[in-house]
Amino acid sequence: MKKISLILFISVIIISMSACGVDFDGSRMGNENEFIMEYRVLNTTDTQELTAKAGDTIRAEITAKRGSLSIKIQKDGAEPIYERDGISVSNEFEVEVAEDGVYTVEVTGKRAKGSVCFVVENASI
């Protein structure tokens, strides 16, 4: 009986330790107009470049189920047009783009579970 309990205990420890090293478990899709991720685990940073023109809007939808996120939207090393740390609740927001260019969306998760969606909406449409 002790031998079975010991084997079971060691098996549980091995299984639980193997899940500790996961940085990303989910799906990701991105192009010059959108960046979409759904994740069961996000313990890393991911980026996507979005192309926008002055007057366009970057619309964001954040679904937070667990953990926290940091988000930054920035054009070529300039001051970020949006930056927020410690996001742990679901949220929607829009950021208006002042200049034409390529904007990098950076998402960093800490034990996060949920999804993010960033879409460039053209002002001319």
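No experiment lies behind these values; they were computed from the predicted model shown.
The two residues I73 and I58 make their nearest non-hydrogen contact at CG2-CD1, 4.0 Å. Of all heavy-atom pairs spanning N43 and A112, the tightest one is OD1-N, 4.5 Å. For the residue pair A54 and A98, the shortest heavy atom distance occurs at CB-O, 3.3 Å. Considering all non-hydrogen atoms of both residues, A52 and V97 come closest at CB-CG2, 3.9 Å. Counting all heavy atoms, side chain and backbone alike, G55 lies closest to A123 at O-CB, 3.2 Å.
Atom-to-atom distance recorded for Q48:CD and M29:CE is 10.0 Å, nearest 0.5 angstrom. Rounded to the nearest 0.5 angstrom, E49 CD and F35 CZ are separated by 11.5 Å. Atom-to-atom distance recorded for S115:OG and L69:CG is 9.5 Å, nearest 0.5 angstrom. E121 contributes atom CD, which lies 11.0 Å from atom CG of N33 (distance to the nearest 0.5 angstrom). Here the CD atom belonging to Q74 is positioned 7.5 Å from the OG1 atom belonging to T104, to the nearest 0.5 angstrom. Distance CG/L42 to CG/D23: 9.0 Å, rounded to 0.5 Å.
A salt bridge does not link R59 with E94: none of the charged nitrogens is closer than 4.0 Å to a carboxylate oxygen.
Residues V119 and V95 do not share a hydrophobic cluster, clusters being chains of Ile/Leu/Val/Met/Phe/Trp/Tyr side chains in contact below 4.5 Å. Cluster annotation: Y103 is not connected to I36 through the hydrophobic network of ILVMFWY side chains, with a link wherever side-chain heavy atoms come within less than 4.5 Å. When the side chains of ILVMFWY residues are joined at heavy-atom separations under 4.5 Å, either directly or via intervening members, I81 and F118 end up in a single hydrophobic cluster.
Proximity of V105 to L50: side-chain heavy atoms (C-beta onward) are separated by under 4.5 Å at one or more points. For the pair F93 and N91, the minimum side-chain heavy-atom distance is below 4.5 Å. Looking only at side-chain heavy atoms (C-beta outward), T108 and T44 stay at 4.5 Å or farther from each other. At a threshold of 4.5 Å between non-hydrogen side-chain atoms, the residues I71 and I62 count as touching.
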Q.
For V41 and K113: C-alpha separation, side-chain torsions, deciding distance, then whether side chain to side chain contact (heavy atoms under 4.5 Å, CB included) applies.
A. CA-CA 5 Å; V41 176; K113 177 180 180 180; over 6 Å; no
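In this structure a side-chain-to-backbone donor-acceptor pair under 3.5 Å is missing from S68 to S88.
Evaluation of the side-chain hydrogen bond (donor to acceptor under 3.5 Å, both in side chains) test over residues 76-85, restricted to residues two or more places apart or in two chains, returns S70-D85. Annotation: salt bridge (charged side-chain N to carboxylate O under 4.0 Å, His left out) contacts involving residues 30-48, sequence neighbours excluded, comprise D25-R40, R28-D46.
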